[in-house]
Undergrad: 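Once you've had a glance at the structure underneath, I'll fire off some questions.
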There are 4 protein chains.
Amino acid sequence: MSTPQARRGNTRQRIQDVALELFSEQGYEKTSLREIAEKLEVTKAALYYHFKTKEDIVISLFQGLTSPIDELIVWAQEQPRTLETKHELIRRYSESLRSAEPLFRFMQENQAAVRDLSIGERFKERMLTLFGLLKEPDSELSDQVRCITALFSMHAGMFAMQNVEGDPEEKRKAILEVATELVTAANPPNRRPVRPDSAQTEAP
Amino acid sequence: MSTPQARRGNTRQRIQDVALELFSEQGYEKTSLREIAEKLEVTKAALYYHFKTKEDIVISLFQGLTSPIDELIVWAQEQPRTLETKHELIRRYSESLRSAEPLFRFMQENQAAVRDLSIGERFKERMLTLFGLLKEPDSELSDQVRCITALFSMHAGMFAMQNVEGDPEEKRKAILEVATELVTAANPPNRRPVRPDSAQTEAP
Amino acid sequence: MSTPQARRGNTRQRIQDVALELFSEQGYEKTSLREIAEKLEVTKAALYYHFKTKEDIVISLFQGLTSPIDELIVWAQEQPRTLETKHELIRRYSESLRSAEPLFRFMQENQAAVRDLSIGERFKERMLTLFGLLKEPDSELSDQVRCITALFSMHAGMFAMQNVEGDPEEKRKAILEVATELVTAANPPNRRPVRPDSAQTEAP
Amino acid sequence: MSTPQARRGNTRQRIQDVALELFSEQGYEKTSLREIAEKLEVTKAALYYHFKTKEDIVISLFQGLTSPIDELIVWAQEQPRTLETKHELIRRYSESLRSAEPLFRFMQENQAAVRDLSIGERFKERMLTLFGLLKEPDSELSDQVRCITALFSMHAGMFAMQNVEGDPEEKRKAILEVATELVTAANPPNRRPVRPDSAQTEAP
DNA sequence: AATGAATGAGGGTTCATTCAT
DNA sequence: TATGAATGAACCCTCATTCAT
């Protein structure tokens, strides 16, 4: 399974795999490059052939994740700001997260470490943008909470439910369902008509 | 305000304050005892006079938090398992958290570090117990998600909303409101009639 | 057995007892004052009320031992330099050691530590003096070995024989017996003239 | 002689040399890795490249010694249990020790430290095995003392006689001579024939 | 594509010791 | 006759990183 021959040429990938595994198991700070190297049966120096720094490994891990999200954001910005769009937004988001579960677990559990890791700031921006796309500009506090909770539950959901029995895909659907409800509740249909400060009579 | 004389006798407290501040600002692993000591203008060794290990400092930080929660759990277990009880449960829980916000930020952002910190396991148990008190024994996946999300939103809520403007106390209320809704939705009134173990024929 | 009342006034003694116990059990360097203090249920500072330094404790431990040996040396120097005197010397020496066994175990097992402990040099002198009293001035190498071995076996004997079953007092006698033989052999009465093993009739 | 270039490739060896030197000069506990590193003009971290722990250095020092002794033990167990075998045993043992003098000085003077150093227990076993090979199964206490003394004198002998003038090789021979005598005396010729553990009618 | 050897900075922790009270 | 609080120095050890080969 990991004979020297089989390792030819895919060391970079293997480093990423092991790194993600250990990072999300033990945390970023507690995982040393020595540990990663040992598990791969290579030298620490070999890691430095493939990655410039420890942080670089993390960055590379996120590379497959950020562009899908960026595309999603672009897509959403092009759509009309309807409830349907929002529903579709989180549906697609949920989809994106499916393959990235360990990455999110890692991020969720290592926020303190990730925060000053350059990826941190970038990610926060995305979150705020998504948040902005979900909530109405002047919505009430509680509606904002609903939107944030919707996003968070999708991030944290999967591994927060490790103790709950059930098929992973079923869980994901359940989480999406709740998130959708929250978004729905955060966008009351009859709100804008009544709002006095800008007679947005979007009546049919 | 910080003359050597004025510091007599409250060093332990001051260590805890600075530690919590730095831990939740920079993360547990990235905060060194040297740093804490320097900020206090004492020696590292002085910290060791007051606390046996670095972990011991963390444990002491949680000491004021665990017992209120334990009491809350005991209280809830003595109440009838009604929706009102559940509402009151999270209302009280929200109250408990008010003073413990930095502690929760710390825990939320350092899960990886906290996990093998002895406090981690204990805390997880509490969460599972609370979860068990909120959800009905045989509730559907989506209802379980609602309960977990309710709990999580209360933990993460405050600092997840740092970018949202508004009075902290207002935010807390908004969060509580959403959490309450989630719990309500997770406990559909027409479910209980069917439950066999206690013919609660709550007529339609 | 160690009520606060019973401890009145004899703390100094108790420190010495515990110190000797721990020193010879774990070694001098590995035994910290904290450990001693904890076992006594006093503070480290209390030790410093009774002893100026850690080394001072050791010195005090040897105080009961050095004078008997000094007296023994004085006595021996006043006697005629006969074999009988030498026998009596080691007999009395053996007697002195009986009560000082833990002390010798400590010294034997912590030579490296004791060496630069001021007591070390002083003790070495005594040993050399005793050695000088046992051997004849111009004796052969092998006879010098016999004398040194006699002394050493008395020091190391007791705890070197911990694995051998038997009554401690019996052991001491056995050791003394062997030591006596060694001294006898090192002091052949008719030495140079007659040595038997190779009719070296070095007659004048 | 110690240019960076000349040092390449033999650092491990140099660490061992300096370590043994310092350990036996100052004691194990009192010798810090900083000291060793400084004397070698490398960093402490360099030591850790070559040895996993401080204890590991000690273990490596003993590696050249234990196998000769083990072989010696095996050899002796294959021989008939005669006096000649015993003589040859200690003769060979003495030979083994010749090159290991500093090591034995170290061990002898740091027993307390070595005792819980993993090497300690292993070494003690060897000693007991050798002891068992020298003494007769049911020999008297005094004979057991003779055997133990024989062994000990060979260990301690060399550096116990540092103050005695004479050629080292001559000293070794003298020590071996005395040890041989002790073993001889511990194995009385007329004991075995008669031994039915009682009625030892040792004819005149 | 990788290694062997090393470094500098810093980690948490422990020590003997001091001194005002 | 002790203690509470603190210190400075040192400890062993680990880390991410470098660089010649």
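Side chains are part of it too, since the values below use all heavy atoms of this structure and drop only hydrogens, waters and symmetry mates. In what follows, every chain begins at residue 1, and chains take the letters A, B, ... in the order their sequences are listed. Predicted model only: the values in this text are computed from it and were never measured.
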Undergrad: For DNA chain F, determine which residues of residues 50-61 of chain A have any heavy atom closer than 4.0 angstrom to one of its atoms, and list them numerically.
TA: A:T53, A:K54
Undergrad: Tell me: CG of B:L33 to P of E:dG12, nearest whole Å?
TA: 4 Å
Undergrad: Is B:E109 paired with B:R105 through a side-chain N to carboxylate O contact shorter than 4.0 Å?
TA: yes
Undergrad: Using the side-chain heavy atoms of C:A45, tell me which of these nucleotides is nearest: E:dT13, E:dC19, F:dT14.
TA: E:dC19
Undergrad: Apply the test ring pair (Phe, Tyr, Trp, His ring centres under 6.0 Å) to residues A:F104 and A:F123: give CA-CA distance (whole Å), side-chain angles for both, the deciding distance (0.1 Å), then the verdict.
TA: CA-CA 11 Å; A:F104 266 87; A:F123 202 85; 5.7 Å; yes
Undergrad: Toward the 5' end of DNA chain E, which comes first, D:L47 or B:Y28, by nearest nucleotide?
TA: D:L47
Undergrad: Any side-chain N or O of B:Y49 less than 4.0 Å from the OP1 or OP2 oxygen of F:dA6?
TA: no
Undergrad: Do D:Q111 and C:Q111 have side-chain N/O donor and acceptor atoms under 3.5 Å apart?
TA: no
Undergrad: Under 4.0 Å between a Lys/Arg side-chain N and an Asp/Glu carboxylate O for C:K44 and C:E38?
TA: no
Undergrad: Paired with F:dT17 by Watson-Crick or G-U wobble geometry, both distances under 3.5 Å: which nucleotide is it?
TA: E:dA6
Undergrad: Provide, to the nearest angstrom, the distance between the OH atom belonging to A:Y48 and the P atom belonging to F:dC15.
TA: 12 Å
Undergrad: For DNA chain E, whose closest nucleotide is more 5', that of D:T43 or that of C:E35?
TA: D:T43
Undergrad: Using atom CD of B:E29 as one end and atom P of F:dC15 as the other, report the distance to the nearest whole Å.
TA: 11 Å
Undergrad: Taking the nucleotide of DNA chain F with the nearest heavy atom to each, does D:K30 or C:A46 sit closer to the 5' end?
TA: C:A46
Undergrad: Could you tell me whether D:K54 sits above the aromatic face of D:Y28, with NZ or CZ closer than 6.0 angstrom to the six-membered ring centre and within 45 degrees of the axis?
TA: yes
Undergrad: Between D:T11 and E:dA5, does any side-chain N or O lie under 4.0 Å from OP1 or OP2?
TA: no
Undergrad: Thinking salt bridges, do C:E21 and C:K39 make one under a 4.0 Å N-O criterion?
TA: yes
